[in-house]
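One structure below.
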Amino acid sequence: MKTKFWRKGQPHIQPIGACFSITMLVQDAVPRALIEELQCRRKAALIAVKDDDDLLRKSIEIHHTFEMEMEKILNAKNSQEYPFRSSAAAGTVLDEVNRYANKYYEVLAICVMPNHVHMLLDFSVQLPMNWDGKMLLPFYQNVPQVIKRIKGASARLINRRLNRKGALWNKGYYDRFIRDRVHLENERNYILNNALKAGLVKKWSDYPFLYPKY
C-alpha cells in the first residue's frame, strides 16, 4: 500500500495505522493564490532546516505556523460562503465522520467551523493485534479513501438539505501524521480551542459542533 506521496515537491508520509491531524476546506474558503503563497513560504522554511539536527521539532513548528496563518485567513470576515453556519450542514459533517468511527478510525477530536473542518483521527483501529508491519491488509482504508467517503456523502446531503448547487469541498485536504504524545496533545488542544480562538464562543465546550466536549 502506498504510504509516501509527493506534494508541491515535498515528501509526504501517511504511515499505515497512524494518527492524523486533517483539515478540510469548503471550496471557496481561501483564495488559491493565498494558499499557494503560504505553501511556498512553508516549503522554503522546511528546506532551510533540512540539515538541522533538530529537524523534527523545527518542522513541527513550521507546520504549526502554517496552520496559524491559514486559520487567520479562514476566520476573516469576508463575503465567501460559510455553509457550516447552518446547524443542519454542520451536523451532517459530524454524522458522516462518526459513521466510520471505530471501523476505519477512532475520532480523537473534531471541530466543524463555518467554512472548514479539523479532525484528529487514529487509524490504528484497523490493525490486527498481531500485525507485524509487513502483513498485507486488503481491507485497510487509508486517509485519501476515508476523506473521499466523508466528502462525497456529506456534499450530497448538504446540497440537498440547503438547496444549494455546485462543489461544496475544496479539492484535496491537509494532513500530518502525529509523531508522539506531545504532538498529539498539541493538535487535540488546537482543535478543541479552535472556535474559542475564532471568537465564536466564550467557552470552548459551548461550541455545538465539537467532539469531545469534556
List, one per line, each side-chain donor-acceptor pair under 3.5 Å for residues 154-163, sequence neighbours excluded.
from: S154; atom 1: OG; to: I150; atom 2: O; distance (Å): 2.7
from: S154; atom 1: OG; to: K151; atom 2: O; distance (Å): 3.2
from: S154; atom 1: OG; to: W169; atom 2: NE1; distance (Å): 3.1
from: R156; atom 1: NH1; to: G152; atom 2: O; distance (Å): 3.4
from: N159; atom 1: OD1; to: R164; atom 2: NH1; distance (Å): 2.6
from: N159; atom 1: ND2; to: G166; atom 2: O; distance (Å): 3.1
from: R161; atom 1: NH1; to: T92; atom 2: OG1; distance (Å): 2.5

Test side-chain contact (heavy atoms from CB on, under 4.5 Å) applied to P208 - qualifying residues, sequence neighbours left out: none
Sequence neighbours left out, what passes side-chain contact (heavy atoms from CB on, under 4.5 Å) with N186? Give chain and number order. V182
Are the side chain of Y174 and the backbone of S21 linked by a donor-acceptor contact shorter than 3.5 Å? no
In chain order, what residues pass the ring pair (Phe, Tyr, Trp, His ring centres under 6.0 Å) check against Y211, with sequence neighbours excluded? none
Given 3.5 Å as the limit, does a donor-acceptor pair link the side chain of Y140 with the main chain of G17, or not? yes
Pairs satisfying salt bridge (Lys or Arg N to Asp or Glu O under 4.0 Å), at least one member in residues 92-109, at least two apart: E96-R99
Are any side-chain N or O atoms of Y207 and backbone N or O atoms of V112, one a donor and one an acceptor, separated by less than 3.5 Å? yes
Measuring centre to centre across the rings, with the benzene-like ring taken for any Trp, is F84 within less than 6.0 Å of H116? no
Set of residues satisfying ring pair (Phe, Tyr, Trp, His ring centres under 6.0 Å) with respect to Y100, sequence neighbours excluded: Y104
Check whether D180 reaches the backbone of H183 with its side chain - one donor and one acceptor, N or O, closer than 3.5 Å. yes
If you measure only the distance, is there a donor-acceptor pair under 3.5 Å linking the side chains of Q14 and D175? yes
